[in-house]
Amino acid sequence: MARKVLKGIRVGVLATDGFEQVELTIPVKALRKRGAQVDIVSLHKGKIRGINLMWPGKKVPVDETVDNVRPRDFDALLIPGGFQNPDSLRQSEEALDFVREIDRLGRPIATLCHGPWVLVSAGLASGRRLSSWPGIKDDIRNAGAEWRDESGVLDGRWFTSRGPQDMRHFIKGMVSLFAEHAPRNHLVQERSHWGRWAIAAVLGLIAWRPVREALAR
C-alpha cells in the first residue's frame, strides 16, 4: 500500500478534450493513491473525452472550469499530453493565465508528451530544461529552452517526461516533486477557517456577557 505522502495536497489537472488517456488516468490514480485531492480543471463543464493514440477514449468528469478557479487554491499542477489537448489549451488565454499564475506562485508543475507546449505558449520555457515528445523538440528549442531526450527531467519545480513510455519514471518524479514543493495550501485554509470560527465564537461570547449579566440581576 502506497504511503500517503501527498495527503493535504490539492492537485489541479489541466486538461480538455483530446488528452492522452493513460497520461491522465494513470497519474491521477497514483496521486489519489498517495493521498492527494485531485480536481480536473478544463475549458468547459461536463465531461472531456480522452484518446488512445488516434482512437477515441473514455470520458472523465470535469470538476472545475478554468474561468471559475483561483490558481492559489491549488498546491500543484499536472498537464497531461496528447496532441489535441495541449494544442487546445494553449489557444485559451484563460488557461495560459492559470498556468502563469501557478508558476508565479511557485507551485510545482509536472507534464509530459505534448504537455510542455502549454508552458511554451505561456511564455515560461525560456532558459529551462525540458523533456517532451520528440516531435515538439523544435518548438521547445525555439522557445529558448534546452530539450533533453530523457525519461524524466527535473528543473527547479518542473518535472517533464517524453511520453507514456516513461510513465514509471514520470510518476516517481511527479510524486517526489509534489511531496517536496507543494505547500499543502488547502490544509492551511482549513486551519485558518476553523481559526476564524473560533475567534468569532469567543467574540460572540464576550459580546453576550453583559446581556447575560443583566438578565441575571
Side-chain angles (χ1 to χ4, degrees), residues 11-32 36 38-69 71 74 76-103 107-125 130-143 145 147 149 151-153 158-171 173-174:
V11 180
V13 179
L14 184 61
T16 191
D17 297 292
F19 64 89
E20 188 67 42
Q21 190 89 39
V22 297
E23 293 178 15
L24 184 148
T25 56
I26 294 178
V28 165
K29 182 178 180 180
L31 291 168
R32 287 175 173 159
V38 181
D39 293 310
I40 307 298
V41 180
S42 192
L43 303 180
H44 61 80
K45 298 179 181 179
K47 295 183 178 182
I48 53 176
R49 182 182 292 279
I51 58 170
N52 292 303
L53 298 178
M54 297 176 62
W55 294 273
K58 296 180 180 179
K59 291 184 178 181
V60 299
V62 172
D63 298 301
E64 303 280 0
T65 55
V66 73
D67 62 345
N68 196 41
V69 292
F74 295 90
L77 179 65
L78 165 64
I79 307 175
F83 178 83
Q84 180 183 345
N85 170 57
D87 193 42
S88 295
L89 291 174
R90 65 181 181 155
Q91 295 178 60
S92 165
E93 279 303 317
E94 290 175 328
L96 296 180
D97 285 342
F98 179 80
V99 174
R100 292 184 188 114
E101 184 64 8
I102 286 282
D103 186 66
R107 307 295 200 253
I109 299 174
T111 184
L112 71 167
C113 195
H114 288 73
W117 253 350
V118 181
L119 302 176
V120 167
S121 293
L124 301 173
L130 299 169
S131 184
S132 75
W133 191 256
I136 67 169
K137 64 182 179 182
D138 290 341
D139 300 293
I140 289 175
R141 287 169 173 164
N142 289 337
W147 182 78
D149 186 14
S151 60
V153 174
W158 288 9
F159 189 84
T160 54
S161 291
R162 293 170 298 193
Q165 72 273 25
D166 300 323
M167 188 60 68
R168 186 177 67 175
H169 294 92
F170 180 71
I171 295 296
M174 174 186 65

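Just so we're clear, the structure is a prediction, and the values are computed from it rather than from any experiment.
- Under a cut-off of 6.0 angstrom, the local environment of CZ in Arg168 is sparse, with at most 12 non-hydrogen atoms contributed by other residues, nucleotides or ligands.
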Under 3.5 Å, which donor-acceptor pairs link side chains of residues 77-90 to any protein atom two or more places apart or in another chain?
{"from": "Asn85", "atom 1": "OD1", "to": "Thr16", "atom 2": "N", "distance (Å)": "2.7"}
{"from": "Asn85", "atom 1": "ND2", "to": "Pro80", "atom 2": "O", "distance (Å)": "2.9"}
{"from": "Asn85", "atom 1": "ND2", "to": "Gly81", "atom 2": "O", "distance (Å)": "3.3"}
{"from": "Asp87", "atom 1": "OD1", "to": "Arg90", "atom 2": "NE", "distance (Å)": "3.0"}
{"from": "Asp87", "atom 1": "OD1", "to": "Arg90", "atom 2": "NH2", "distance (Å)": "3.1"}
{"from": "Ser88", "atom 1": "OG", "to": "Gln84", "atom 2": "O", "distance (Å)": "3.1"}

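- Shown are Val28, Leu24, Val22; of these, the side-chain contact (heavy atoms from CB on, under 4.5 Å) with Ile26 is made only by Val22.
- Separation of atoms NE2 (His169) and CE (Met167) is listed at 12.5 Å; rounding is to 0.5 Å.
- For the atom pair CG of Asp149 and NZ of Lys137, the computed distance is 7.5 Å after rounding to the nearest 0.5 Å.
- Pairing each heavy atom of Val11 with each of Ala36, the nearest pair is CG2-CB, 4.1 Å.
- In plain terms, the two heavy atoms of Asn52 and Gly57 that are nearest each other are ND2-CA, 3.7 Å.
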For Arg100 and Asp97: C-alpha separation, side-chain torsions, deciding distance, then whether salt bridge (charged side-chain N to carboxylate O under 4.0 Å, His left out) applies.
CA-CA 5 Å; Arg100 292 184 188 114; Asp97 285 342; 2.6 Å; yes

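- Under the side-chain contact (heavy atoms from CB on, under 4.5 Å) criterion, Ser132 pairs with Pro116, Ile136, Ile140, Trp147, not counting sequence neighbours.
- Note: Gln21 CD to Ile51 CD1 = 9.0 Å, rounded to the nearest 0.5 Å.
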Any chance you could lay out the side chain to side chain contact (heavy atoms under 4.5 Å, CB included) test for Leu112 and Asp166, step after step, and finish with the verdict?
CA-CA 9 Å; Leu112 71 167; Asp166 300 323; over 6 Å; no

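- Counting only heavy atoms from C-beta outward, the side chains of Leu31 and Met174 approach each other to under 4.5 Å.
- Checked by atom type and distance alone, the side chain of Arg49 never pairs as donor or acceptor with a backbone atom of Pro56 at under 3.5 Å.
- Glu64 contributes atom CD, which lies 11.0 Å from atom CD1 of Ile40 (distance to the nearest 0.5 angstrom).
- Partners of Asp39 by side-chain contact (heavy atoms from CB on, under 4.5 Å), not counting sequence neighbours, listed by chain and number: Arg10, Gln37, Asp63, Phe74.
- The minimum heavy-atom distance linking Ile102 with Pro71 is given by the pair CD1-O, 3.6 Å.
- Between Trp133 and Pro164, the closest heavy-atom pair is CZ3-CD, 4.4 Å.
- Contact of the Phe19 side chain with the Val13 side chain is not registered, since no non-hydrogen atoms from C-beta on lie closer than 4.5 Å.
- To the nearest 0.5 Å, atoms CZ (Phe170) and OG1 (Thr160) are separated by 8.5 Å.
- Ala125 and Leu130 get closest at one heavy-atom pair: CB-CD1, 4.1 Å.
- Side chain of Thr65 to backbone of His44: no donor-acceptor contact under 3.5 angstrom is found.
- Note: Phe159 CZ to Ile109 CD1 = 14.0 Å, rounded to the nearest 0.5 Å.
- Across every non-hydrogen atom of Ser131 and Arg162, the tightest pair is OG-CG, 3.1 Å.
- For the pair Val118/Leu96, a side-chain contact is recorded, criterion being any heavy-atom separation below 4.5 Å from C-beta on.
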